[in-house]
Amino acid sequence: MAFYIVQFLTGLASAASLFLVASGLSIIFGVTRIVNFAHGAFYMLGAYVAFTLTERFSGATGFWGGIIVASLIVAVIGVAVEMTLLRRIYHVPELFQLLATFGLTLMVEDLVVLIWGPSDLLGRRAPGFRGAVDFFDQNIPSYDLFLIVLGPMVLLLLWLLFQRTRWGVLVRAATQDRDMVAALGVNQKWLFTSVFALGVFLAALGGALQIPRDAVNHAMDLRIIVDVFVVVVIGGLGSIVGAFVAAVLVSELNAFGILVFPKISIVLVFLVMAVVLIVRPWGLFGKREGLARRTAGLTVHPWRPFTPAERIAAAVVLALAAALPLIGGNYALTVASEIAIFVIFAVSLHFLMSVGGLASFGHAAYFGLGAYGVAFLAKLAGLPMIVCLLVGPLLGLLGAAVFGFFAVRLSGVYFAMLTLAFAQIVWSIAFQWVALTGGDNGILGVWPESWAASPARFFWLSLGVAALAVAALRIAVFSPFGFALRATRDSPLRGEAIGIDGKRIQWTAFVIAGTIAGVAGALFAYLKGSVFPDSLGISLSVDALVMVLLGGVETVSGAIVGAIVYKALSIWLVSQTDLSKLVLGGFIILIVVIFPKGIVGVMGTIRRRRRASAKPALLSSGIETAE
């Protein structure tokens, strides 16, 4: 019994740090409505800066002073980021804000390695809390007891701050209605800056307090951000009390899951998150929104089919791409095959986001299911490659059909978070079901047959499938189904009034997108010759979002251009510099700030402006001629 009590207390200690980070993210989102993917980066910076300061200054004053000063330094960095970057993009759609903070995360990862090196750093024990307390022959670290007390104290201080101060009243008002607060004369810029500073301070403090417990490393940001998203969603967006309760719940599930359900311990947290979102989408302590906000906040311009000249141009581009084996070597063809595969992956998500208005944060689930589908058929059943490519993606279809049934009942950020939960459930199963998937060792030896084994032949296969996928999705866009889907996206109530079953239409689109993503995953398995759980991970889902947004979600060809630019740039930078993430992250931020509509989107805007400016000139010319 004592062992389980100690395990429970260990969970509470972990919950304290998790609560600090999650409360900061919840505060920032509640006021600014920014899904701050860089919050984990500030957590990591807090740990690194605190390590440096605590190592430089000795004694209890130096250690605890270093923790506080490190958190303040990172908060100042957060203020600088908010004033120089985020203020410029508050007006852009939410997903582009997510893209900018993702770019910032990439930059911080390389900067941390550049400054502190790639090795793990072991911090000093906390002065005054270096021992342990004996509890029925079980040792409880005294530092864990300190964290257990600290969590409720921080919760109380935050509650007093938001309930008993004028600033707190303004923050709560801004959470409910930012426009009304601005109309009352409150300076929104400085309110947002102060809120962001507080949120970053809490994240940095959570990271700094971890140095006596865990090694400091450059992978801390992605490890914590997933748990933080789970906590914020379960507790309720904008709820501090909800973040505390959810942090305790998640930490205890992690603490006891490995003991009670060792084979599904990682899955448990995401199962709880999925159940909460399905039953109570706004979280345990969140407030239901009166009207669903559009996930992407996008205005997609009316699309039209290709003109004859545009069809000829597309055919010429495809023919030129098909001629690449005549001039490219094996490495270039392998890279081109990977780019073609990710074009398929990106256009599948683009179809869901732009036509369906549904932004998925877990689209890699269906990519990975397609990859595992062909791996099972090829390695376990020994079926021919062509059969595996035709049947394997059906596993992605099945996953999309099941998950989409629940996901399309939600909207906005809740839809996005539920898709993330489902993707993490699939990833967890693949990671822990070692007997079937090989776990972290993956499934090896998934090689193409002789008819597609050479780099040139596999490139032609990938290019052909990519062309078919793009053509099929374009046909779907301009079919009656596509018009019904766009009607549901633009005005669900009007669509329902004329007899459109919006949820069924969106579910069908979800299944189509998942199936196409499964096709991309199937080809990817043969390209790499292996399948690992990483093909289901959150990082791949974020990559897909980056490709779509980088090219331009409001344009038909945006996903194609975004996938080509992002993958080509990523691969090239890795071969050219050790700071590839720093350069790529800076490029992403630059695109968001200068071209918030994406690469193709800004080109379309320029063309429309030219046409608009040309019309008055033509009218004027016609009048003068008549006279």
Side-chain angles (χ1 to χ4, degrees), residues 17 19-32 34-57 61-90 97 100-116 121 123 150 154 157-158 161-162 165 167-168 170-171 174 187-211 216 218 220-221 224-225 228 240 582 585-586 589 592-593:
S17 295
F19 163 66
L20 288 173
V21 187
S23 62
L25 182 63
S26 186
I27 292 168
I28 290 173
F29 180 86
V31 176
T32 67
I34 285 184
V35 182
N36 183 21
F37 198 86
H39 206 65
F42 292 121
Y43 165 86
M44 179 174 64
L45 277 177
Y48 271 103
V49 176
F51 172 83
T52 300
L53 294 179
T54 54
E55 289 296 311
R56 184 175 295 274
F57 302 104
T61 303
F63 180 89
W64 295 111
I67 295 290
I68 299 300
V69 172
S71 304
L72 291 172
I73 290 174
V74 177
V76 172
I77 295 173
V79 168
V81 168
E82 194 275 339
M83 294 177 67
T84 57
L85 173 61
L86 297 182
R87 278 190 186 181
R88 298 173 181 271
I89 60 173
Y90 278 135
Q97 298 168 354
T101 57
F102 172 71
L104 183 63
T105 298
L106 292 178
M107 296 181 68
V108 172
E109 285 182 5
D110 265 3
L111 287 173
V112 161
V113 173
L114 183 65
I115 297 171
W116 284 279
L121 304 177
L150 178 66
V154 173
L157 290 174
L158 289 175
L161 178 65
F162 288 115
T165 66
W167 181 84
L170 292 177
V171 170
N187 189 323
Q188 274 194 325
K189 287 184 178 180
W190 290 112
L191 182 64
F192 285 11
T193 300
S194 61
V195 167
F196 199 83
L198 176 61
V200 171
F201 174 82
L202 291 171
L205 181 61
L209 289 171
Q210 282 297 100
I211 61 174
V216 181
H218 60 275
M220 294 175 67
D221 54 344
I224 192 68
I225 194 64
V228 168
I240 303 300
L582 178 63
I589 291 174
V592 173
V593 173

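Along the sequence shown, the residues carry numbers beginning at 1.
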*Asks:* Is the shortest side-chain heavy-atom distance between Met44 and Ile224 below 4.5 Å?
*Replies:* no
*Asks:* Can any side-chain N or O of Ser26 pair as donor or acceptor with the backbone N or O of Ala22 at less than 3.5 Å?
*Replies:* no
*Asks:* For the atom pair OG1 (Thr54) and CD1 (Ile211), what is the distance rounded to the nearest 0.5 Å?
*Replies:* 3.5 Å
*Asks:* I'd like to check Gln210 versus Tyr43 (side-chain heavy atoms, cut-off strictly below 4.5 Å). Are they in contact?
*Replies:* yes
*Asks:* Where do Ala197 and Val79 come nearest, in terms of heavy atoms and distance?
*Replies:* CB-CG2, 3.5 Å
*Asks:* Hey, mind stepping through Val171 and Val195 against side-chain contact (heavy atoms from CB on, under 4.5 Å) and telling me if it holds?
*Replies:* CA-CA 8 Å; Val171 170; Val195 167; 3.7 Å; yes
*Asks:* Do Phe57 and Val69 have side chains that approach each other closer than 4.5 Å (heavy atoms only, starting at C-beta)?
*Replies:* no
*Asks:* Please report the shortest heavy-atom distance between Ser194 and Trp167, naming the atom on each side.
*Replies:* OG-NE1, 2.9 Å
*Asks:* Taking the side chain as every heavy atom from C-beta outward, state whether Ile27 and Leu202 have any atom pair closer than 4.5 Å.
*Replies:* yes
*Asks:* On a heavy-atom basis, which atom in Ala100 and which in Val592 lie closest, and how many Å separate them?
*Replies:* CB-CG1, 4.0 Å
*Asks:* If you define the side chain from C-beta out and look only at heavy atoms, does anything of Phe42 sit under 4.5 Å from Asp221?
*Replies:* no
*Asks:* Keeping the roles fixed (side chain from His39, backbone from Val21), state whether a donor-acceptor pair exists under 3.5 Å.
*Replies:* yes
*Asks:* State whether the side chain of Thr101 and the backbone N or O of Phe37 hold a donor-acceptor pair below 3.5 Å, judged by distance alone.
*Replies:* yes
*Asks:* For Leu104 and Val81, which heavy atoms make the closest approach, and how far apart are they?
*Replies:* CD2-CG1, 3.7 Å
*Asks:* How far does CG of Leu20 sit from CG of Leu25, to the nearest 0.5 angstrom?
*Replies:* 13.0 Å
*Asks:* Rounded to the nearest 0.5 Å, what's the gap from CD1 on Ile73 to CZ on Phe201? Could you check?
*Replies:* 11.5 Å
*Asks:* Taking the side chain as everything from C-beta on, heavy atoms only, tell me whether Leu121 gets closer than 4.5 Å to Glu55.
*Replies:* no
*Asks:* For the side chain of Gln97 and the backbone of Ile89, is there at least one donor-acceptor N/O pair under 3.5 Å apart?
*Replies:* yes
*Asks:* Would you say the side chain of Met83 lies within less than 4.5 Å of the side chain of Phe192, judging by non-hydrogen atoms?
*Replies:* no
*Asks:* Please find the pair of heavy atoms, one from Leu582 and one from Met107, that lie closest to each other, and give the distance.
*Replies:* O-CG, 3.5 Å
*Asks:* Minimum heavy-atom separation for Ile67 and Ala208, please, with both atom names.
*Replies:* CD1-O, 3.3 Å
*Asks:* Under the side-chain contact (heavy atoms from CB on, under 4.5 Å) criterion, do Phe196 and Asn36 qualify, and how do the steps go?
*Replies:* CA-CA 10 Å; Phe196 199 83; Asn36 183 21; 4.0 Å; yes
*Asks:* Taking the side chain as every heavy atom from C-beta outward, state whether Leu150 and Leu209 have any atom pair closer than 4.5 Å.
*Replies:* yes
